[in-house]
Number of protein chains: 2
Amino acid sequence: MSDLITRLRRHQWRMTPQRRVIAETLDGAHVHYTADEILERACERMPEISRATVYNTLNEMVALGEILELNFDGRSKRYDPNAEHDHHHLICDGCGAMKDVHTVGDPLDWLPGDERHGFAVTEASITFRGLCPECQQAA
Amino acid sequence: MSDLITRLRRHQWRMTPQRRVIAETLDGAHVHYTADEILERACERMPEISRATVYNTLNEMVALGEILELNFDGRSKRYDPNAEHDHHHLICDGCGAMKDVHTVGDPLDWLPGDERHGFAVTEASITFRGLCPECQQAA
DNA sequence: ATCCTAGCTTAGACTTTGTCTAATGAAAGA
DNA sequence: TCTTTCATTAGACAAAGTCTAAGCTAGGAT
Ligand SMILES: [Mn+2]
Ligand SMILES: [Mn+2]
Ligand SMILES: [Zn+2]
Ligand SMILES: [Zn+2]
């Protein structure tokens, strides 16, 4: 299920131990770590890995189109290995839990022509918010 | 048309010259300045105003619910005086131009029950992207 | 009109997140 | 194995925002 590494191999991209550890950290469903969380996890397996390498590698993976860079809160960016299948996000206002979600139909259809200000609109990304099951209980 | 100041008066909120200048800078449609842009504009009318006051005042206005804090690019936050009417945003990938837009219908309806992961979903915000008329010409 | 006080403003130190640099190290083809 | 090119590293730097402690002021009380 190491899908991300398989995809990365397809590019001419020197595979170093550092890059492998970072890619393995990122692999999985509903994974949306910050650079710092990735560094922390990578350090458990490779204590000498540097912060600069984590940032370099993440930025390269984004440039290759194999991971997504997300900005939800204006604090740290989050990195999403699910770059293959278009999706949106659902975030818990209580604990920050974050899920990949899919809408019924194409969000571009929800923006009528007279609301487009002459733009050629090509993309829409949606952030849904609410309370996860655990946080609903707590409330 | 100084709508924001009118709204701010309704809260118990000491009206200082600094706060008035910041509120006046923010007033208007399709205004989405960064804190730094607001500081720059405020300084034209009140050169001694401090960066800390701009940040303090913006955070208070957000807490009062009279302006919105927006995060698009993971760089600086933007502040939106249009907090009364629900809306979304359309951004030009070329020049960064940003428009308020309205969808046909309620975005919460586009998220089916089996995509909600048990969350109580209360809000959706959409960022549309594309090219503005000027940037389409340039391309 | 003056006083008083809670709360506002200020400069600048500090924090967080991320980028850059220049020296060293190592992957991969010849 | 050798070589070249690209990757890694520590630490300096930068941008955006928060915090602190000292002085100032808006607006109510007298
Ligand atoms: Mn995702
Ligand atoms: Mn807006
Ligand atoms: Zn939660
Ligand atoms: Zn444009």
Side-chain angles (χ1 to χ4, degrees), chain A residues 4-5 8-26 32-64 66-80 96, chain B residues 5 8-26 32-64 66-80 96 98:
Chain A
L4 178 57
I5 287 185
L8 288 167
R9 285 204 168 292
R10 287 202 275 268
H11 304 272
Q12 302 85 332
W13 204 54
R14 198 174 284 186
M15 185 53 72
T16 66
Q18 290 88 345
R19 287 175 172 184
R20 184 185 314 279
V21 166
I22 292 167
E24 285 170 1
T25 296
L26 272 170
H32 305 95
Y33 294 139
T34 63
D36 231 46
E37 289 167 346
I38 293 162
L39 173 60
E40 194 178 354
R41 281 167 174 78
C43 275
E44 290 167 9
R45 295 178 47 199
M46 182 180 276
E48 72 281 15
I49 197 171
S50 82
R51 217 163 56 96
T53 294
V54 171
Y55 277 104
N56 288 343
T57 301
L58 291 171
N59 286 338
E60 283 155 15
M61 288 178 179
V62 170
L64 292 174
E66 298 298 356
I67 68 175
L68 301 174
E69 190 180 79
L70 306 175
N71 283 292
F72 293 117
D73 59 357
R75 298 226 278 281
S76 35
K77 294 172 183 170
R78 292 182 174 271
Y79 295 89
D80 187 341
Chain B
I5 288 184
L8 288 167
R9 285 204 167 292
R10 288 202 275 266
H11 304 270
Q12 302 86 329
W13 206 53
R14 199 176 282 188
M15 185 53 71
T16 66
Q18 290 89 346
R19 288 174 172 185
R20 184 185 313 278
V21 166
I22 292 167
E24 285 170 2
T25 296
L26 271 172
H32 305 96
Y33 294 140
T34 64
D36 230 47
E37 288 168 347
I38 292 163
L39 172 60
E40 195 179 353
R41 281 167 174 78
C43 275
E44 289 167 10
R45 297 179 46 200
M46 180 179 277
E48 73 280 15
I49 197 170
S50 82
R51 215 163 55 95
T53 294
V54 170
Y55 278 104
N56 288 343
T57 301
L58 291 171
N59 285 338
E60 283 156 14
M61 288 178 179
V62 170
L64 292 173
E66 297 298 356
I67 68 175
L68 301 175
E69 191 180 77
L70 307 175
N71 283 293
F72 293 117
D73 59 356
R75 299 227 275 283
S76 36
K77 293 173 183 171
R78 293 184 174 269
Y79 294 90
D80 187 338
M98 194 175 308

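Labels below follow one simple rule: chain letters A, B, ... track the order of the sequence lines, proteins then strands, and each chain is numbered from 1. Worth knowing before you read on, the calculation uses all heavy atoms, side chains too, and leaves out hydrogens, waters and symmetry mates.
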Less than 6.0 angstrom from the centroid, inside 45 degrees of the normal: does Arg41(B) satisfy that with respect to the ring of Tyr33(B)?
yes
Among the nucleotides dT9(D), dT9(C), dA28(C), whichever has the atom closest to the side chain of Thr53(B) is dT9(C)
Please give, in whole Å, the distance from dA16(D) P to Lys77(A) NZ?
12 Å
So which nucleotide from dT8(D), dT19(C), dT9(C) ends up closest to the side chain of Thr16(A)?
dT8(D)
What about Arg14(B): does its side chain form a donor-acceptor pair under 3.5 Å with the base of dC8(C)?
no
Roughly how many Å is it from CD in Gln12(B) to P in dA6(C), rounded to a whole number?
17 Å
Between Trp13(A) (CH2) and dA7(D) (C1'), how many Å, whole number?
10 Å
Has the side chain of Arg19(B) got a donor or acceptor atom that lies under 3.5 Å from a matching backbone atom of Arg14(B)?
yes
Start at the 5' end of DNA chain D and walk down; is the nucleotide closest to Tyr55(B) or to Glu48(A) reached first?
Glu48(A)
Is Gln18(B) near enough to dT10(C) that one of its side-chain N or O atoms lies under 4.0 angstrom from OP1 or OP2?
yes
Nearest-angstrom distance from the residue atom CG of Asn56(A) to P of dA22(C):
15 Å
Nearest-nucleotide pick for Ser50(B), side chain only, options being dA27(C), dA11(C), dT9(D)
dA11(C)
Whole angstrom value for the distance that separates C1' of dT9(D) from CD1 of Ile22(A)
13 Å
Are the side chain of Glu24(B) and the backbone N or O of Val21(B) linked by a donor-acceptor pair below 3.5 Å?
no
Where Leu26(A) and Tyr79(A) come nearest, the two heavy atoms and their spacing:
CD2-O, 3.8 Å
Side chain of Ile49(A) - closest among dA11(C), dT9(D), dT18(D)
dT9(D)
Would you mind classifying the nucleic acid contact of Asn59(A) as base, sugar-phosphate or nothing, using non-hydrogen atoms under 4.0 angstrom?
sugar-phosphate
Give the rounded distance in Å between these two atoms: CE of Met15(A) and P of dC6(D).
17 Å
Can you tell me the distance, in whole Å, between the CG atom of Leu58(A) and the C1' atom of dT8(D)?
15 Å
Can you tell me how far P of dG17(D) sits from CG of Asn71(A), to the nearest Å?
12 Å
Between Arg19(A) and Arg51(B), just flag the one whose closest nucleotide in DNA chain D comes earlier from the 5' side.
Arg19(A)
